[in-house]
Amino acid sequence: MRHPFLILSCLALLSAIFLGCGFGDEERSEEARIEKSILAYSDGEEAESLDPAKTRGVTGHRLILGLFEGLTWPDPVDLKAKPGVAESWDVSNGGKTYTFHLRKNAIWSNGDPVTAEDFRWSWIRALDPKTAAEYAWIMYYVKGAQAFNKGQGPAEGVGVSAPDDHTLVVELENATPFFPDLVSFGFYMPVHRKTVEANPKKWAASPELWVSNGPFVLSDFRTGDKYVLTKNERWWNAETVSLNEIHSIISSDHMTLYNKYKNGELDWVTSVPVAVIDEAKTLPGYRDDEYLGTYYYRFNVTKKPFDDPRVRMALNLAIDKKTICEKVTRGGQVPATSFVPASMGKYTYYDPIDGLGHDPERARKLLADAGYPGGEGWPATELLYNTSESHKKVAEAIVDMWEKTLGIRISLANKEWKVYLAEVHDLKFQVARAGWIGDFVDPDNFLALFTSESDMSDTGWKNAEFDRLILAAQREADPEKRAELYRKAETILVVEDMPVLPIYYYVSNQLVAPHIKGFHGNLQNRHPFQFLSVGE
Amino acid sequence: MGRYLVRRLIGIPIVLLILVTISFFMMRSAKGGPFLGEKDIPDEVRANLEAYYGLDKPLPIQYLTYLANLARGDLGPSTKYQNLTVNEIIRAKFAPSMALGLTSLVLAVVFGMAAGILAALKQNSFFDYASMAVAMFGMSLPTFVVGSTFVLFFALHLGWFNVAGWTGPKDMVLPCVALSLPFMARIARLARAGLLEVVHQDYIKTARAKGLPERTIILRHALRGAVLPVVTYLGPATAFIMGGSLVMEQIFNIPGLGQEFVKSAFNRDYSLAMGMVLFYGTILVFANLVVDVLYGFIDPRIQYD
């Protein structure tokens, strides 16, 4: 009686295990991938969405750059806007009006033509408060966009119109010289209206419903596992595309991805764990390129002792950033003296200023002037950072430098990610670790963070002169004058008042297998897939 | 037995409701929300997002809405994965986790019991001491150490397996073996202790005196003594293995639910985190029920009514 029961339950258990394993498709070996022109890479985390209006992080943006085509493309070498769906564009009205002329042979992957109305509808949908798009602020350069997104203006008030199928007219709030670069960004890409309206919540995760207008289409998606993109033969420029398939592997463990690369299971990983950076540098395909981002500490200027700019400046002058980059982070990071990454000068009209360097003597004098000679009388203070080994190492080194140079003791507080974010947002900190990755290559993306009305400053700092300069710069069409205004503003930010303490500019440390051709390092690490190929 | 089962089954929804309620309010009391990110967003955008997910309503209303949806089997949308619902995420990711957990458990039980029984039968022999020493070692090593070592040696060094992935039975070998080891070790020790306790009892002496073959004595009579402590352990073991599977899923890049359990908490993805709590809570409650029922079959002295 009991034996049959036991045997049956065992069989049931075994079949439950093996029938329901949920295996994915076999991955190809490196030889097979080279033969079939398949690229296997990983950005790590899964994308929030493949809907251009809803994506947020690097993974989603990279995939969207392969699946959709915007008005322009970022050139893989210099990131400058190249014609995409827009063959050409005219600028008028002092730089405030852009008229894009769309090519007539652009079609969606289901054969429908891509029209100016597609862009207009997609932009309005992206700005619609009901869509609740996190990146909506990146479209605030368009006239009426912010009001509409805030629910304070009508959709008709947004400065985008489609007078005919192949003309898109955009009115901007101010002359925005980087607008052609901006429209290559994911948020500005068009979506297929019929597909989106038929399945508003599901379409972006469903290969069977998928319609897009870029060089690739979504042919498979397994949450937690991978995305598979296949060449879109209907793309107007398909004959220039060399890759047949792209596999984007999802994983939250960068060590695992690193091992997969070493074992030939991946062709490209976009980050290297700090723990193995020395070994990684010896592997074929290791590269580091400057990245559009700044690692910094922000001060809460509403409370003592950081309400005094002399104290903030003293803390900055006391740090030897070169040592931090060479001995602590060791990934080729560049010591920062300005808030805007120095490399921006190579890509745009803006050369960031040369801020404060390492000057322990001056630091000690400033601290004494502020009322804490040799660290005497220094109150209890805490440096807040989000739990992470790499942040901890940097913080420990810096706190040590402060103690040795200035005689002040600052304790370390590491908090879980969301708690850290909440405390920073609510100004419940004294000095906190921060990082800002740029969305587009213009100083405004960095400096406008700290205006009095910005929600993203999180420092409590308000400076009327800084506000005035930023506003004037945003309205200035002439690049030389614009640069001068931003430079004056940046001087206030990192030399005179210092609510922020820049530490280093980011670097992307990645591994790109030598058989991947056409890969050019650039400041945003954007590599449109149609320029990549697989070869011996 | 029947009445006992019914009583337990009625209790399950009540237990789960309490679990859901406590988790719901605890989760909301944690600092930080789903829309806080390194790239801060304007307040009006955050307001749009909160309205979209119903997070702008008063907490009791949100709770009741959640329960109402739950009654219809709808676990809600994920705030992190914007095109997937919690139901879809669980449906897609549950199979690999279950396969990993169950296979590891089966391996642990089969080999653990075999080792434990043999050790008990050969008490105080070299095999006994050696296997129990190995068991002690196995219980002390954290799963991530074992898992990573397997990857380094069997995948990277010997090239016998993929480093990570879940594409076929071959990919199950390293993670399932690594995950099963600490449980195998504990089960071996429990089985050995249980059998040793029984093997010296009078009724076993009687069986021997009757002239029964040793194999029959062990398998039909003494084995229950070994099995009972193992069965007791299976309830909490199921819980631990699910926790351990989270580590294995990360190291071996297995697209399972284990990782979501922690990630959803980190992301303050309330619906997904609640879904995880419910899912694992239900499994545990049923696992414990199965264990309790099995007692009745194994040990006839145990009565339920």
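Not measured: the values here are computed from a predicted model. Sequence lines set the chain letters: A, B, ... in the order given, protein chains first and strands last, and positions in each chain run from 1.
A 4.5 Å side-chain heavy-atom check between B:V163 and A:E265 finds at least one atom pair inside the cut-off. Counting heavy atoms from C-beta outward, A:D253 and B:N253 have side chains that stay 4.5 Å or more apart. Residues B:N48 and A:N149 have side chains in contact (heavy-atom distance under 4.5 Å, counting atoms from C-beta outward). With contacts defined as side-chain heavy-atom distances shorter than 4.5 Å, the pair A:E45/B:K263 qualifies.
The contact between B:K93 and chain A is made entirely by side chain atoms (from C-beta outward), counting heavy-atom distances below 4.5 Å. Looking at B:P77, there are no atoms closer than 4.5 Å to chain A (heavy atoms on both sides), in backbone or side chain. For A:N386, no part lies near chain B; criterion is any non-hydrogen pair under 4.5 Å. Residue contact with chain B, scored on non-hydrogen atoms closer than 4.5 Å, involves the side chain of A:E416 exclusively. Heavy atoms closer than 4.5 Å to chain B are found in the backbone of A:I250, but not in its side chain. Of the two parts of A:W436, only the side chain, counted from C-beta on, holds a non-hydrogen atom closer than 4.5 Å to a non-hydrogen atom of chain B. Looking at A:K130, only its backbone comes within 4.5 Å of chain B, counting heavy atoms on both sides. For a residue to count as touching a neighbouring chain, one of its non-hydrogen atoms must lie under 4.5 Å from one of that chain's; by this rule B:Q250 touches chain A with backbone and side chain alike.
From A:S252, atom OG reaches atom CD of B:E260 across 8.5 Å, with rounding to the nearest 0.5 Å. The structure places CZ of A:R222 at 10.5 Å from CH2 of B:W166, a figure rounded to the nearest 0.5 Å. Rounding to the nearest 0.5 angstrom, the gap separating the CG atom in A:N259 from the CZ atom in B:F252 is 10.5 Å.
Shown here are the side-chain contact (heavy atoms from CB on, under 4.5 Å) partners of B:F111, two or more places apart in sequence or in another chain: B:L107, B:M184.
Contact count against chain A (heavy-atom pairs under 4.5 Å) is highest for B:T167 among B:D171, B:L49, B:T167. Ranked by heavy-atom pairs under 4.5 Å with chain B, the first of A:D426, A:L449, A:V419 is A:V419. Each of A:A205, A:A133, A:G435 has some count of heavy-atom pairs under 4.5 Å with chain B, and the biggest count is that of A:G435. Among B:G37, B:A92, B:G101, the residue with the largest count of heavy-atom pairs under 4.5 Å with chain A is B:G37. Among B:T85, B:L36, B:N162, B:L152, the residue making the largest number of heavy-atom pairs under 4.5 Å with chain A is B:L36.
Closest heavy-atom contact between B:Y52 and A:A132: CB-CB, 3.7 Å. Across all their heavy atoms, A:Y140 and B:V45 have their closest contact at OH-CG2, 3.7 Å. For the residue pair A:T256 and B:A164, the shortest heavy atom distance occurs at CG2-CB, 3.4 Å. The two residues A:W417 and B:F266 come nearest to each other via the heavy atoms CD1-O, 4.5 Å. In terms of heavy-atom proximity, B:L84 sits nearest to A:E46 at CD1-OE2, 4.1 Å.
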Please report the C-alpha distance between B:Q82 and A:R56 in whole Å, then the side-chain angles of each, then the deciding distance to 0.1 Å, and finally whether the side-chain contact (heavy atoms from CB on, under 4.5 Å) criterion is met. CA-CA 10 Å; B:Q82 309 224 5; A:R56 200 183 166 184; over 6 Å; no
Just do the side-chain contact (heavy atoms from CB on, under 4.5 Å) check on B:L156 and A:K262 with the steps written out, would you? CA-CA 8 Å; B:L156 280 172; A:K262 284 208 307 194; 4.1 Å; yes
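Although no hydrogens or angles enter the test, the distance criterion places no donor-acceptor pair under 3.5 Å between the side chain of A:K418 and the main chain of B:K31. Looking only at distances, no side-chain donor or acceptor of A:D225 sits under 3.5 Å from a matching main-chain atom of B:P255.
We find that A:K202 and B:E88 are joined by a salt bridge, their nearest charged nitrogen and carboxylate oxygen being less than 4.0 Å apart.
Open room surrounds CD on A:E453; 12 or fewer heavy atoms of other groups in view lie less than 6.0 Å from it.
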